[in-house]
2 protein chains.
Amino acid sequence: MHLTLRQLQVFESVARHLSFTRAAEELHLSQPAVSMQIKQLEAQAGLSLLEQYGKKNALTEAGREFYQYSKSILQQVDELDGILQELKGLRRGCLDVAVATTANDFATRLLAAFAREHEALNYRLEVSNRETLLARLEANEMDLVIMGRPPADKPLVSEPFMENPLVVIAPPEHALANERQIALDKLVREPFVVREKVSGTRIAMERFFHQHGFELASQMELTSNESIKHAVQAGLGLGVVSRHTLRLELETGRLAILDVEGFPIVRHWYLVHRQGKRLSAVAQAFREFVLNRGAAFAPLPRV
Amino acid sequence: MHLTLRQLQVFESVARHLSFTRAAEELHLSQPAVSMQIKQLEAQAGLSLLEQYGKKNALTEAGREFYQYSKSILQQVDELDGILQELKGLRRGCLDVAVATTANDFATRLLAAFAREHEALNYRLEVSNRETLLARLEANEMDLVIMGRPPADKPLVSEPFMENPLVVIAPPEHALANERQIALDKLVREPFVVREKVSGTRIAMERFFHQHGFELASQMELTSNESIKHAVQAGLGLGVVSRHTLRLELETGRLAILDVEGFPIVRHWYLVHRQGKRLSAVAQAFREFVLNRGAAFAPLPRV
DNA sequence: GCGGATTATAAGTCAAACCTTATGGTTTCG
DNA sequence: CGAAACCATAAGGTTTGACTTATAATCCGC
């Protein structure tokens, strides 16, 4: 049986009006067109759906069943259509974003700003370390990810949208806090508090020291930026963090940025997604939002 | 937007297999034919429904919505078709029944007896655990289900048609096998072999012990009734199972039923279907068969 | 019986739906 | 790197779907 949605549509109209002519008018068709559709339908069903007595039409039992199902099916098609329209028009959809822990602060404000402009949408924000982010991308579980520069050997598309300066921090009362142009060989003799080995910040930092022929003398490893800042405040050592994470600490004078030669190390924040990933309308909108206006949401705190 | 049922059908297959090639095989089409249908569908919808990453395919959000509606719409078309066939008096049709694993034994004989009286029909019998059965009902994929009492908060119609006594089994040579009126506090110190937590039998059993203020001392968890019976035979512990599953084991003397106070726990078998489900003529006939004569097909084996 | 309304039938047109085979490009995996 | 699996694209052909207009045929009410 080769049913057509068109047939259902025509039949529904006929059944509702109990008139071929009315149906033809409603559908902007000629009357014979309607006759044909119904006839065809009846032939395919092997049953008559309408019976005429005199000038009037009535539905047979099969016709009534058919009518019920026609309505229901057409309604579902309508609903589906509506949903697709909403998905297209950014009135519906879900955005899956993940950000590096280091980017938590400004990324949250960024997403919040975007969400304010698109209230009908749903969002999921995941905050993870670099390793997890890459795994999520690999498994195709995220629309977009905000992180440091991803490895070049993966099938990823990454677009830088903002600078990410790494600075050396110390307690304000630290001996080096007032020096200018601190030399690296002096710095590396200090104890340091660092992130775990897979962290983007840690990798960049080590690469920097290595390039300049130095190695840190003493390190203590912690797994979050917040821990690092607290440890530095407590005098456990110096630290290297993204300047974007320091808003509060600088304002309240809890931490100081050291003026070290070669610093800040300027890296970038990247908006990353899988190569070949078809971005949804929502994801596409967010991408443009970030690339065009992302930088505005993380003004560098004054030193 | 000019949707076609054919398109939905092809898309449904692709979405289910997440493979163009599999879908083509299923529909007896060439693979490019499938590609084209999908492409056209996406063009009409104005959204991409599938994305490829590597060799794999995944549904986009729009694709997921589309898939849901496709299934639902196609199913309605199927139902409609079935109804028309019945109206034509062909009684053609397929009865979809699912039963709990515990009911496998007598349900199979029951369906066999019914089939003997209605040879022109086709049957599908699925044997699953409770969780799966409920999911099948929810998705409207089954005409009728035979299982223990379903949760009251679901939109289901359930009709009891037979008792289901749960008994404690042991190897015949077990120390308790010859005792009469075994006290519960004595029983619960024995090791037990039990079904997984979602199993109906497990739930009833735990509720029973809990109500009497006891808890089993030692449990080993297995996922089928057959495994349980084997484990009990092997002396790994006692078990609680439906007496209906014990025909062979009792006849051949491989297992013994213990005479425990409060046992058997009497539950019931239910014939279940979705609320509002329109039962086909076949399903209706089977329902009456089960309700009226079902009990006769599971004579309780003598102890 | 006749005008008006309604549906059926016929013939013809045009587009597009649907499928095929052949081939090319990726990706994965041994 | 080469084979295998998988999907995309191209080109081509046949069918059939969905209309149209024109013309019966039927039925109602007066």
Side-chain angles (χ1 to χ4, degrees), chain A residues 1-45 48-60 63 70 74 77 137-140 153-157 273-278, chain B residues 1-45 47-60 63 70 74 77:
Chain A
M1 170 166 175
H2 186 50
L3 199 57
T4 318
L5 283 177
R6 182 64 175 165
Q7 288 171 345
L8 288 186
Q9 195 185 344
V10 172
F11 173 77
E12 189 276 336
S13 182
V14 170
R16 182 155 36 83
H17 291 110
L18 288 176
S19 158
F20 287 56
T21 309
R22 300 290 149 273
E25 284 167 11
E26 179 174 278
L27 300 169
H28 305 291
L29 288 176
S30 65
Q31 166 265 312
V34 174
S35 285
M36 277 173 37
Q37 293 280 10
I38 300 297
K39 193 174 159 195
Q40 214 172 338
L41 200 54
E42 290 184 328
Q44 281 164 11
S48 61
L49 304 174
L50 289 151
E51 52 186 345
Q52 304 175 270
Y53 55 106
K55 245 161 133 174
K56 294 205 169 86
N57 289 299
L59 291 172
T60 64
S70 299
L74 292 172
V77 172
L137 280 168
E138 175 104 32
N140 196 18
D153 61 342
K154 309 238 164 177
L156 298 173
V157 175
H273 61 88
R274 273 184 75 97
Q275 204 173 76
K277 170 97 185 166
R278 301 220 198 166
Chain B
M1 170 165 172
H2 188 251
L3 198 59
T4 317
L5 283 178
R6 181 66 175 164
Q7 287 171 344
L8 288 187
Q9 195 186 346
V10 173
F11 174 76
E12 189 275 338
S13 182
V14 170
R16 181 155 37 82
H17 291 110
L18 289 177
S19 157
F20 288 54
T21 308
R22 298 291 147 274
E25 283 168 11
E26 181 174 276
L27 301 169
H28 304 291
L29 287 176
S30 64
Q31 166 264 313
V34 174
S35 285
M36 278 173 32
Q37 293 280 8
I38 299 297
K39 197 174 159 195
Q40 213 171 338
L41 199 55
E42 291 185 329
Q44 282 165 10
L47 288 165
S48 59
L49 305 175
L50 289 152
E51 58 181 339
Q52 296 176 257
Y53 59 109
K55 243 159 134 173
K56 293 203 174 91
N57 288 300
L59 291 173
T60 64
S70 298
L74 292 172
V77 172

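Numbered from 1 within each chain, the chains take letters A, B, ... in sequence-line order.
Between the side chains of B/Ser35 and B/Gln31, a donor-acceptor pair is found at a separation under 3.5 Å. In the model, B/Ser13 has no side-chain atom that pairs as donor or acceptor with a side-chain atom of B/Gln9 under 3.5 Å.
The list of salt bridge (Lys or Arg N to Asp or Glu O under 4.0 Å) pairs with a residue in residues 31-44 of chain A, not counting sequence neighbours, is empty.
Heavy-atom distances under 4.0 Å link DNA chain D to A/Pro32, A/Ala33, A/Met36, A/Gln37, A/Gln40 of residues 32-41 of chain A, given in residue order. Within residues 7-15 of chain B, no residue has any heavy atom under 4.0 Å from DNA chain C. Taken residue by residue, residues 16-31 of chain B places heavy atoms nearer than 4.0 Å to DNA chain C at B/Leu29, B/Ser30.
Within the 4.5 Å cutoff, no side-chain heavy atoms of B/Lys56 are placed close to those of B/Leu18. With a 4.5 Å cut-off on side-chain heavy atoms, B/Val34 and B/Phe11 do not count as touching.
Other residues, nucleotides and ligands contribute at most 12 non-hydrogen atoms within 6.0 Å of the CD atom of A/Glu138.
When the side chain to side chain donor-acceptor pair (under 3.5 Å) test is applied to B/Ser19, no partner is found at least two apart in sequence or on another chain. Under the salt bridge (Lys or Arg N to Asp or Glu O under 4.0 Å) criterion, B/Arg16 pairs with B/Glu12, B/Glu26, sequence neighbours left out.
Nucleotide C/dC18 holds its C1' atom 13 Å from the NE2 atom of B/His2, rounded to whole Å. Spacing between atom CG of A/Leu3 and atom P of D/dT16 amounts to 17 Å, rounded to whole angstrom units.
With hydrogens and angles ignored, the 3.5 Å screen pairs no side-chain donor or acceptor of B/Thr4 with any backbone N or O of B/Gln7.
Checking the phosphate oxygens (OP1, OP2) of C/dT6, no side-chain nitrogen or oxygen of A/Asn57 falls inside 4.0 Å.
For the pairing with A/Leu41, the side-chain contact (heavy atoms from CB on, under 4.5 Å) check across A/Leu50, A/Val14, A/Leu3 returns one residue only, A/Leu3.
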